[in-house]
Amino acid sequence: PRPAHANIITGKWLFKNKLQPDGSLERRKARWVVRGFSQRPGVDFHQTFSPVVKPATIRTVLHLAATRRWPVHQLDVKNAFLHGDLTERVYCYQPAGFVDKDRPTHVCQLVKSLYGLKQAPRAWFLRLGGHLLRMGFAASRSDSSLFIYQRGVHAAYLLVYVDDIILTASSPALLRQIVDQLRQEFAIKDLGELRFFLGIQVRRDQAGFHLNQAQYTEDILERAGMANCKPASTPVDVTPKLSAKAGEPAADGAFYRSITGALQYLTLTRPDIAYGVNQACLHMHSPRDVHWNLVKRILRYLRGTIDTGIIISAAPSTTLKVYSDADWAGCPDTRRSTSGYCVFLGDSLVSWSSKRQTTVSRSSAEAEYRAVANAAAECCWLRNLLRELHVGIDKATVIYCDNVSAVYLSENPVHHRRTKHVELDIHFVREKVALGQFKVLHIPTRYQFADIMTKGLPTPLFTEFRDSLCIRSPDAPTAGGCQRATLQESVG
């Protein structure tokens with residue numbers, strides 16, 4: 001019977017067509033979901049958490065698997081959220097079509113979680129994580145959605161993205177053993193070699209992995225009505241950044257936000273559009289027609305590079321190399337700078353960023369120094385992640401910067417009069433350099449690949465930098481790695 005003063009959650013039937021990677025119909029799904037937005041915080045739920053592995057962690061693990069020739073499989077958990085155990089007392093109405101004729105006013109008390117509950121992802125993750133720990137896995141401190149198994153020469157890495165799982169192991173036998181142990185607790189299907197994950201198409205060969213989102217890109221172009229548009233050679237032109245007040249208000253702000261949000265997810269495998277998408281996202285609160293033209297320029301560029309993606313190369317080197325850059329006072333409204341970095345593990349690009357800085361810099365040296373600090377913070381996390389993955393880090397991480405003053409600041413407390421206004425927290429770079437963990441070197445602007453993250457570039461330079469960042473179509477030549485190797489030898 002319905003308890004007095006209890007919050008009863010409503011629900012509905014959700015019907016969905018599940019598609020194959022090529023867009024064809026796989027099967028039709030129907031599930032009863034509850035409307036979790038009507039739950040009361042502190043009563044119907046307490047804590048929430050969604051197990052989402054970091055993209056940089058995925059790329060790092062794939063690089064190690066490609067180098068070591070490990071098998072990589074994808075696992076699918078059937079009705080994953082239904083495995084979670086609830087600790088709170090939650091009530092919902094009886095599902096439509098399954099109402100008890102003798103007790104139509106009664107309600108259901110949930111013992112297991114349902115899709116739509118605020119705490120459903122957390123309950124599922126606690127159940128999965130507890131079982132993995134009993135199997136001998138250890139939870140990573142760097143990424144809570146990464147679990148590591150290490151027994152002598154045998155090792156395995158398991159990545160969790162909500163209800164999708166990537167598993168790689170040092171041998172096929174160990175991988176099968178882990179899958180069998182998981183099947184004893186959950187309804188798990190081994191989908192075989194990793195080919196399609198989170199909308200990302202994966203192609204593996206002797207050289208490594210090629211990741212692209214061709215089908216997802218096609219869907220965005222179709223939604224935007226630009227499936228047959230004329231291709232552009234670059235995602236952004238070389239003109240200065242757009243003002244928030246330029247042009248007239250956009251005709252459909254919600255549509256602008258929808259397309260721009262979709263492009264954000266596309267940057268998982270397309271670092272070449274990261275800068276353009278970042279600029280478009282800065283105006284999502286009040287888009288104007290000139291901002292929509294910027295988005296259309298990105299879409300036109302994507303039209304001509306549908307199959308382009310990122311290459312994860314198999315290489316024995318585990319050294320980290322970073323390219324850091326900043327565009328000083330580029331924002332015409334706030335005069336804040338845009339900083340960007342590209343982090344390589346061996347020859348694989350595993351992390352990148354294009355982001356407007358939070359404060360105004362008084363000089364180009366300060367802006368560049370802030371960009372170096374952001375890159376160093378990311379590398380500190382990556383170094384810790386690699387140690388947890390039992391990868392030896394015996395060399396200092398090299399950060400390439402094209403500003404001489406920023407290089408000097410990273411090694412010595414010089415120019416005190418010019419830098420006394422800089423926050424102390426970004427001076428941790430100097431400490432890391434003194435400890436021998438980092439080394440900041442000057443690099444000519446002509447070879448600063450991080451420029452692609454901070455400004456629009458001419459077509460020849462953009463194409464060269466894009467190739468050097470391992471962004472290419474599946475069958476394109478791999479000259480970029482040779483260019484970086486030659487450059488590092490010359491920098492010395």
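Computed from a predicted structure; not experimentally measured.
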If you count heavy atoms of other groups shown closer than 6.0 angstrom to [atom1] of [X], is the number above 12?
{"X": "Asp205", "atom1": "CG", "value": "yes"}
{"X": "Lys54", "atom1": "NZ", "value": "yes"}
{"X": "Arg141", "atom1": "CZ", "value": "no"}
{"X": "Arg387", "atom1": "CZ", "value": "yes"}

[X] and [Y]: side chain donor to acceptor below 3.5 Å:
{"X": "Glu431", "Y": "Gln437", "answer": "no"}
{"X": "Tyr301", "Y": "Asp272", "answer": "yes"}
{"X": "Arg303", "Y": "Thr217", "answer": "no"}
{"X": "Thr459", "Y": "Ser233", "answer": "yes"}
{"X": "Thr57", "Y": "Asp143", "answer": "yes"}

Quiz prompt | Heavy-atom side-chain proximity of Arg122 to Thr48 below 4.5 angstrom | solution = no

Quiz item: Parallel under 30°, tilted from 30 to 60°, perpendicular over 60°: which one fits the rings of Tyr161 and Phe197?
Solution: perpendicular

Quiz item: Is the backbone N or O of Ala329 less than 3.5 Å from a side-chain atom of Arg335, with the two atoms forming a donor-acceptor pair by type?
Solution: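 Side chain of Arg335 to backbone of Ala329, a donor-acceptor pair under 3.5 Å: yes, one is there.
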
Quiz item: Is the backbone N or O of Thr308 less than 3.5 Å from a side-chain atom of Asn212, with the two atoms forming a donor-acceptor pair by type?
Solution: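 Pair absent, no side-chain N/O of Asn212 close to backbone of Thr308.
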
Quiz item: So, do Phe147 and Tyr157 have ring centers that fall under 6.0 Å from each other?
Solution: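 No; Tyr157 has its ring centre 6.0 Å or more from that of Phe147.
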
Quiz item: Given the side-chain rings of Tyr323 and Tyr341, with only the six-membered ring counted for Trp, is the space between their centroids under 6.0 Å?
Solution: no

Exercise. Specify the closest pair of heavy atoms between Thr445 and Phe465, including all atoms of both residues, with the distance to one decimal.
Key: O-CZ, 4.3 Å

Hey, are [X] and [Y] close enough for a salt bridge, meaning a charged N less than 4.0 Å from a carboxylate O?
{"X": "Lys241", "Y": "Asp327", "answer": "yes"}
{"X": "Glu218", "Y": "Arg223", "answer": "no"}
{"X": "Arg383", "Y": "Glu388", "answer": "no"}

Validation: residues 245-252 side-chain donor-acceptor distances under 3.5 Å, sequence neighbours left out:
{"from": "Asp252", "atom 1": "OD1", "to": "Ala254", "atom 2": "N", "distance (Å)": "3.3"}
{"from": "Asp252", "atom 1": "OD1", "to": "Phe255", "atom 2": "N", "distance (Å)": "3.2"}

Quiz item: Regarding Arg362 and the six-membered ring of Trp328, is the cationic atom NZ or CZ under 6.0 Å from the ring centre and inside 45° of its axis?
Solution: no

Quiz prompt | side chain to side chain donor-acceptor pair (under 3.5 Å) between Asp219 and Gln215, worked out | solution = CA-CA 6 Å; Asp219 294 340; Gln215 184 60 48; 3.3 Å; yes

